[in-house]
Amino acid sequence: MEKKNANIGGSLQPMPKVLVSCRSLDGEENALAVAYCGNCSYDPPMVMVGIVPSRYSYKMIKESGCFVVNLVEKDYEKEFNYLGSVSRANENKLEKMNIKRADGSVVNAPILTDCPVNIECTIVDSIVTGSHEMFIGKVECVHANAEYVNEKGDIDFSKISLL
Ligand SMILES: Cc1cc2nc3c(=O)[nH]c(=O)nc-3n(C[C@H](O)[C@H](O)[C@H](O)COP(=O)(O)O)c2cc1C
């Protein structure tokens, strides 16, 4: 098989598509689309999200010290694309798209209730890797639609049509 050098940026695919929701210290709420995310520890459970410092959400996440990772189903694509292309600097996106929210049960950030899985995280560390700052979040609590949780408490991902 012939090989050719490809561009080195973004060569690891696919990346999960999630919505990261946050709340500023003065109570303003926001969410943005994030593809730079993943598990980074099983025990204790930790996930990481990469946020570009120019994002409106960046300061909110950095100052509040927490965020929520919301998994997105296919029928939420319109909302995902909107939250991933418009900035809170220009518009109150959550109000405009009627994004339903509830308070996190542990962290000071909203969960997006129309998303099937919501992972509440407290930031324990961060690394500036280049374009993104990777925020390492200790998983405090996971909410999942009851229909997706099996009798052992595990999420049955085969039942979720992720975006
Ligand atoms: C598919 C997709 C993936 C994205 N991944 C990231 C990401 O990993 N990190 C990031 O900072 N921005 C990412 N963005 C861009 C932000 O979601 C976008 O700039 C958003 O409008 C920022 O909102 P804010 O300024 O209100 O925080 C992504 C956008 C899309 C559509």
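On a predicted model such as this, the values are computed, not experimentally measured, just so you know.
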Assigning hydrophobic clusters by single linkage (Ile, Leu, Val, Met, Phe, Trp, Tyr; side-chain heavy-atom cutoff under 4.5 Å), is [X] placed with [Y]?
| X | Y | result |
| --- | --- | --- |
| Val49 | Ile123 | yes |
| Val20 | Leu71 | yes |
| Ile99 | Ile119 | no |
| Val18 | Val47 | yes |

Can you give each donor-acceptor pair under 3.5 Å made by side-chain atoms of residues 152-163, sequence neighbours left out, with the distance rounded to 0.1 Å?
unit_1 : atom_1 : unit_2 : atom_2 : d
Asp156 : OD1    : Ser158 : N      : 3.1
Asp156 : OD1    : Ser158 : OG     : 2.5

side-chain hydrogen bond (donor to acceptor under 3.5 Å, both in side chains) between Glu120 and Ser105, worked out: CA-CA 8 Å; Glu120 294 189 41; Ser105 57; 3.0 Å; yes
With Tyr76 via side chain to side chain donor-acceptor pair (under 3.5 Å) - residues at least two apart: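 Result, side chain to side chain donor-acceptor pair (under 3.5 Å) vs Tyr76: none returned.
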Gap between atom OG of Ser126 and atom CD of Glu133 - 0.5 Å precision: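 Glu133 atom CD to Ser126 atom OG measures 3.5 Å (nearest 0.5 Å).
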By side chain to side chain contact (heavy atoms under 4.5 Å, CB included) - contacts of Glu95 (at least two apart):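 By the side chain to side chain contact (heavy atoms under 4.5 Å, CB included) rule, Glu95 matches Asn92, Arg101.
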Counterpart residues, side chain to side chain contact (heavy atoms under 4.5 Å, CB included), relative to Ala109 (two or more places apart):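 Partners of Ala109 by the side chain to side chain contact (heavy atoms under 4.5 Å, CB included) criterion, ordered by chain and then number, come out as Cys66, Val68, Val107.
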Do [X] side-chain atoms and [Y] backbone N/O form a donor-acceptor pair below 3.5 Å?
| X | Y | value |
| --- | --- | --- |
| Ser87 | Asn90 | no |
| Ser41 | Pro45 | no |
| Glu73 | Cys115 | no |

Flag side-chain contact, heavy atom, 4.5 Å: [X] against [Y]:
| X | Y | value |
| --- | --- | --- |
| Lys93 | Leu83 | yes |
| Val142 | Asn118 | no |
| Ile51 | Leu32 | yes |
| Phe67 | Arg23 | no |

Test item: side-chain donor near acceptor, Glu77 and Tyr82, under 3.5 Å: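 Absent: no donor and acceptor within the cut-off.
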Closest approach of Tyr58 to Val52 (non-hydrogen atoms, all atoms of both residues):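 Of all heavy-atom pairs spanning Tyr58 and Val52, the closest is CB-O, 3.8 Å.
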Where at least one partner belongs to residues 18-42, residue pairs that pass ring pair (Phe, Tyr, Trp, His ring centres under 6.0 Å), sequence neighbours excluded: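 Applying ring pair (Phe, Tyr, Trp, His ring centres under 6.0 Å) to every pair that reaches into residues 18-42, excluding sequence neighbours, yields Tyr36-His132.
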From CA spacing to verdict: side-chain hydrogen bond (donor to acceptor under 3.5 Å, both in side chains), Ser57, Asn30: CA-CA 7 Å; Ser57 306; Asn30 198 27; 3.0 Å; yes
Electrostatic pair Glu29:Arg88 at N-O distance under 4.0 angstrom: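 Answer for the salt bridge query: no.
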Remaining members of hydrophobic cluster (4.5 Å side-chain criterion), Tyr56: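 ILVMFWY cluster around Tyr56 also holds Met60.
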